[in-house]
Amino acid sequence: MNVVNESRARAHRVQVRFYQELGDFLAPQRRGREFEVAVNDGTTTKALVEHCGVPHGEVDLLLVDGESVDFACKLRDGQRVSVYPVFESFDISALTRVRPAPLRVVRFLVDANLAKLASLLRMCGLDATDASMLCRTACGAEDEDARLVTAALREQRIILTRDRRLLERKAVTHGCFVRSQDPEQQLLFVLRRFDLAAAVRPFSRCMRCNEPLEPVAKADVLQRLPPMVRVEQQTFSRCPRCDRLYWPGSHWQRMRRRLDALLATHRPG
């Protein structure tokens, strides 16, 4: 397969610009501006993108000389390439996406390096499974990554990770590199990136199983409740998978205050 090779005398020259957060993957002098790259005859747009250090799973739209193309497009001398990030909140169906289809229902598969983010997403009521929920066998790290990618494709989930090599896997169609190392900042980044403010439904999912919770009558679970809870609480939910019970006790209220304060920083104005 042809790859970018800036040392070849016969290399073509193309002008490239990466937009919005894709600039985070570039050297500072290349961010927010057009720059020149030398490519071999027959180099594809996918090879160009990855040569520049951007995982292809982060890209949703490619324009070559203003025309929408896919990853297989072969570049010619003097062309201009514009590279755009994921547009999950916009309909660009009239253009040629570099992925088979957008994810209209946003679901996440969170890498093991972002376990706290997975919990916060579930706390917001967003569909977020993590690596610990996948079936495990005695395999090495390489097989762990392959299993994660397979699960993401099967369940149509966006992979959230801090591992760029994972997003560079050919099979990845929807992925997002999470920049911050702080879980709360990671949550705000994901909410903004995928325009999810309106989808937040705090404490509507099981924190353990990720299943949507179902309301349950107090009388049906009365014998399972601690004595003080029987007296003080009237509203209960249950996970249909693990049968775990939830109620708005003091721990729930503390978490809700924390989450409300955090989400307040995300709301416009």
Side-chain angles (χ1 to χ4, degrees), residues 88-89 103-136 148 151-152 154-161 174 176 178 180-269:
E88 294 300 343
S89 57
L103 296 179
R104 291 307 177 203
V105 178
V106 180
R107 295 185 286 261
F108 298 107
L109 203 167
V110 186
D111 197 2
N113 53 30
L114 295 171
K116 291 183 179 179
L117 170 61
S119 294
L120 288 173
L121 288 168
R122 288 194 289 271
M123 190 183 297
C124 288
L126 299 171
D127 190 339
T129 62
D130 58 59
S132 67
M133 295 179 177
L134 302 180
C135 295
R136 296 185 179 276
L148 189 146
R154 181 179 63 249
E155 300 175 16
Q156 292 188 300
R157 293 182 179 275
I158 301 168
I159 296 175
L160 301 179
T161 184
H174 292 78
C176 177
V178 179
S180 175
Q181 297 186 42
D182 177 75
E184 293 187 353
Q185 292 304 310
Q186 291 169 354
L187 173 64
L188 293 179
F189 167 76
V190 172
L191 293 179
R192 293 188 185 108
R193 174 72 181 275
F194 297 99
D195 193 25
L196 293 174
V200 171
R201 300 287 185 273
F203 303 102
S204 61
R205 284 185 178 271
C206 179
M207 296 295 293
R208 177 185 296 167
C209 298
N210 189 48
E211 288 290 320
L213 298 178
E214 299 176 347
V216 60
K218 182 177 180 178
D220 293 341
V221 295
L222 190 63
Q223 299 307 312
R224 298 175 55 187
L225 303 176
M228 289 300 295
V229 174
R230 294 182 192 178
V231 175
E232 296 177 353
Q233 302 297 328
Q234 303 301 321
T235 304
F236 298 89
S237 298
R238 177 169 55 192
C239 174
R241 175 179 292 182
C242 72
D243 204 36
R244 191 179 186 183
L245 294 178
Y246 293 84
W247 58 84
S250 58
H251 179 60
W252 184 96
Q253 293 171 18
R254 286 194 299 271
M255 291 194 299
R256 183 60 191 257
R257 287 194 294 269
R258 173 192 172 200
L259 186 59
D260 286 346
L262 179 64
L263 295 177
T265 67
H266 170 67
R267 298 187 185 103

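Computed from heavy atoms alone, side chains included, the values below leave out hydrogens, waters and symmetry copies.
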For this session: Could you pull out all residues at least two apart from Glu214 that satisfy salt bridge (Lys or Arg N to Asp or Glu O under 4.0 Å)?
Result: none

For this session: Please report the C-alpha distance between Asp220 and Phe236 in whole Å, then the side-chain angles of each, then the deciding distance to 0.1 Å, and finally whether the side chain to side chain contact (heavy atoms under 4.5 Å, CB included) criterion is met.
Result: CA-CA 10 Å; Asp220 293 341; Phe236 298 89; over 6 Å; no

Exercise. Is there side-chain contact between Met207 and Met123, with at least one heavy-atom pair below 4.5 Å?
Worked result: yes

Problem set entry | Within-4.5 Å side-chain heavy-atom neighbours: Leu188 and Arg192 | yes

Seminar exercise, completed: Only one of Asp127, Val190, Ile159 passes side-chain contact (heavy atoms from CB on, under 4.5 Å) with Phe108, and that residue is Val190

Exercise. Would you say the side-chain atoms of Arg230 pair up with the backbone N or O of Leu225, donor to acceptor, closer than 3.5 Å?
Worked result: yes

For this session: Please identify each residue that fulfils salt bridge (Lys or Arg N to Asp or Glu O under 4.0 Å) with Arg244, with sequence neighbours left out.
Result: none

Problem set entry | Heavy-atom closest pair, residues Leu187 and Cys124 | CD2-SG, 4.0 Å

Exercise. Taking atom CG of Leu160 and atom CD of Gln186, what is their separation to the nearest 0.5 Å?
Worked result: 9.5 Å

Problem set entry | Nearest-0.5 Å distance, SG of residue Cys242 to CG of residue Asn210 | 11.0 Å

Problem set entry | Inter-residue atom distance Arg208.CZ - Ser119.OG, 0.5 Å rounding | 12.0 Å

For this session: Would you mind reporting whether Arg201 and Leu213 have side-chain heavy atoms less than 4.5 Å apart?
Result: no

Exercise. CD of Glu232 to CD of Gln234: how many Å apart, nearest 0.5 Å?
Worked result: 10.0 Å

Exercise. Are a donor atom and an acceptor atom from the side chains of Asp130 and Ser132 found within less than 3.5 Å of each other?
Worked result: yes

Exercise. Counting distance only, does the side-chain N/O of Lys116 pair as donor-acceptor with the main-chain N or O of Asp182 below 3.5 Å?
Worked result: no

Seminar exercise, completed: To the nearest 0.5 Å, atom CZ of Arg256 lies from atom CG of Leu263 at 8.5 Å

Seminar exercise, completed: CD (Gln185) and CG (Leu262) are apart, to the nearest 0.5 Å, by 7.5 Å

Problem set entry | Step-by-step side chain to side chain contact (heavy atoms under 4.5 Å, CB included) determination, Arg193 to Cys176 | CA-CA 9 Å; Arg193 174 72 181 275; Cys176 177; 3.2 Å; yes

Seminar exercise, completed: Cys239 and Glu211 have their tightest heavy-atom pair at SG-CB, 3.9 Å

For this session: Please identify each residue that fulfils ring-ring contact (aromatic ring centres under 6.0 Å, His included) with Phe203, with sequence neighbours left out.
Result: Trp252

Exercise. Would you say the side-chain atoms of Arg122 pair up with the backbone N or O of Ala128, donor to acceptor, closer than 3.5 Å?
Worked result: yes

Exercise. Out of Leu109, Leu148, Val106, Val110, which residue meets the side-chain contact (heavy atoms from CB on, under 4.5 Å) rule with Arg157?
Worked result: Leu109

